[in-house]
Chemist: 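Take a look at this one; I'll ask things after.
Order of the sequence lines fixes the chain letters, A, B, ..., with proteins taken first and strands second; residue numbering starts at 1 for each chain. All values below come from the heavy atoms of this structure, side chains included, with hydrogens, waters and symmetry mates left out.
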Number of protein chains: 2
Amino acid sequence: MVSVLTKVCKGRPREFDVDEALAAALRVFWSKGYEGASLTDLTDAMGITRPSLYAAFGNKEALFKKALDLYEREKLAYIGEALSAPTSREVAERLLTGALEMQTSECEPRGCLRVISTISCGQEADSVRADLMARRGSSHRAMLDRMQRAKDEGDLPPHVEAEAMTNYLLAILQGMSVQASSGASREQLQEVVRTSVAVWPGK
Amino acid sequence: MVSVLTKVCKGRPREFDVDEALAAALRVFWSKGYEGASLTDLTDAMGITRPSLYAAFGNKEALFKKALDLYEREKLAYIGEALSAPTSREVAERLLTGALEMQTSECEPRGCLRVISTISCGQEADSVRADLMARRGSSHRAMLDRMQRAKDEGDLPPHVEAEAMTNYLLAILQGMSVQASSGASREQLQEVVRTSVAVWPGK
DNA sequence: CTGTTTATATACCGTTCAGTATAGAACAGA
DNA sequence: TCTGTTCTATACTGAACGGTATATAAACAG
């Protein structure tokens with residue numbers, strides 16, 4: 001009997017590791033954007049041929065979405081952790097430092113894949129745009145809920161709205177991504193984080 | 001005798017208005033980015049043929065730089081005006097509202113052309129990247145000088161650095177551009193502006 | 001061993017890309 | 001009218017794009 005875990009299949013076994021190939025594809029999309037990444041760029045980085053890519057991942061669009069899944073699972077994990085902080089100021093600080101760490105890593109592309117893709121994705125890749133919008137929407141909602149909770153708890157002053165604080169904080173995070181993409185140093189972004197935390201109106 | 005101003009040239013006269021064509025090209029680059037704008041997109045919008053474009057503007061890259069010049073002259077004029085405001089808070093408020101007005105105009109593409117181009121411009125268009133970096137550098141320097149003056153005048157508290165405030169404010173402006181590009185409403189951005197001004201630490 | 005199934009390698013498909021060669025059309029001066 | 005100059009229109013170039021047809025190689029079951 002064959003183990004379910006080893007998952008032995010019938011035909012010729014695959015010669016590459018799907019997860020490794022996907023991680024390589026993620027790095028390509030991350031540094032070049034969806035449309036800027038050509039199939040040649042992708043297959044070169046993944047170390048596989050075009051037919052192998054299509055057999056394993058479907059097409060470029062499906063590969064991108066799987067890469068986005070991996071990105072959110074591995075690189076955006078700090079968001080969920082940050083939102084569980086006790087105060088809104090600490091939430092903001094953890095989100096900002098998390099973004100800082102992630103976007104200025106030495107061994108990874110700069111900036112946020114979502115921001116890069118949203119900006120650089122042309123109108124023709126409509127399905128990709130819609131997918132990015134939906135993913136951003138769920139993050140936005142999570143942050144909004146957390147800010148609303150902060151307001152309910154008296155953590156944020158009454159004259160600021162949860163929605164406004166959410167969009168304000170998101171703007172700083174997205175702006176940091178723009179600066180990271182265009183080569184800002186970790187120290188520069190560190191000062192943005194420090195300033196943002198310093199002026200944060202809540203507890 | 002022929003007037004110097006009318007500039008009558010020898011051969012067949014040009015059948016299109018160079019300024020109008022450049023304005024049309026600007027709108028294409030603005031909505032699609034440098035690499036996303038194809039020559040077909042450009043010539044269709046400009047109402048001219050490919051050889052006419054090359055004769056009048058050189059090539060795609062030169063056309064883009066001329067479009068950037070026009071953009072900065074006509075659409076970023078608010079920056080210089082904002083920097084002459086008396087207090088740092090007013091500077092910030094005018095920069096933010098200027099960006100808001102410009103980036104959410106009904107009859108123009110959303111977001112900031114510089115941000116869009118910086119993010120979506122691949123490594124291959126190296127000269128374009130360098131040009132964008134230089135342009136951003138000069139804006140950054142102007143803002144930094146203004147923030148330094150604010151510090152010298154006691155307008156900003158002593159514990160915040162001019163450089164940090166500059167990068168912080170720039171991040172918000174760039175984040176607003178990201179949000180505008182991805183379809184945020186004017187009201188949403190208005191709240192980002194209001195929040196940013198509300199938490200501004202200076203006079 | 002023979003089939004069957006799946007993965008790989010190569011070479012190709014039609015389309016679009018930025019850029020251009022060529023020929024004709026519209027002007028000025030002679 | 002003739003010539004020189006400059007713009008326009010059409011059609012084209014080689015390269016790159018995303019995606020695939022075809023043939024072969026490597027595993028399994030019988």
Chemist: If you find the nucleotide of DNA chain D closest to B:Gly11 and the one closest to B:Gly47, which residue's nucleotide is nearer the 5' end?
Modeler: B:Gly11

Chemist: Would you kindly give the CG-to-C1' distance between A:Leu39 and D:dA15, to the nearest whole Å?
Modeler: 16 Å

Chemist: Could you state the atom-to-atom distance from CZ of A:Phe16 to P of C:dA7 in whole Å?
Modeler: 8 Å

Chemist: Give one of base, sugar-phosphate or nothing for B:Ala125, where a contact means two heavy atoms less than 4.0 Å apart.
Modeler: nothing

Chemist: Whole Å only: how far is the CG atom of A:Asp41 from the C1' atom of D:dG18?
Modeler: 13 Å

Chemist: With no hydrogens and no angle check, just 3.5 Å: does a side-chain donor-acceptor pair link B:Lys151 and B:Ser88?
Modeler: no

Chemist: Does B:Arg12 or B:Pro51 map to a spot on DNA chain C nearer the 5' end, using the closest nucleotide for each?
Modeler: B:Pro51

Chemist: In whole angstroms, how far is the C1' atom of D:dA16 from the CG atom of A:Leu42?
Modeler: 14 Å

Chemist: Taking the six-membered ring of A:Tyr34, is NZ or CZ of A:Lys60 closer than 6.0 Å to its centre and within 45° of its axis?
Modeler: yes

Chemist: Does the cation-pi check pass for A:Lys65 over A:Phe57, that is, NZ or CZ under 6.0 Å from the six-membered ring centre and within 45° of its axis?
Modeler: no

Chemist: Rounded to the nearest Å, what distance is computed from the CG atom of residue A:Leu53 to the P atom of nucleotide C:dA9?
Modeler: 13 Å

Chemist: Just to confirm, is there a sub-4.0 Å distance from OP1 or OP2 of C:dA18 to any side-chain nitrogen or oxygen of B:Lys60?
Modeler: yes

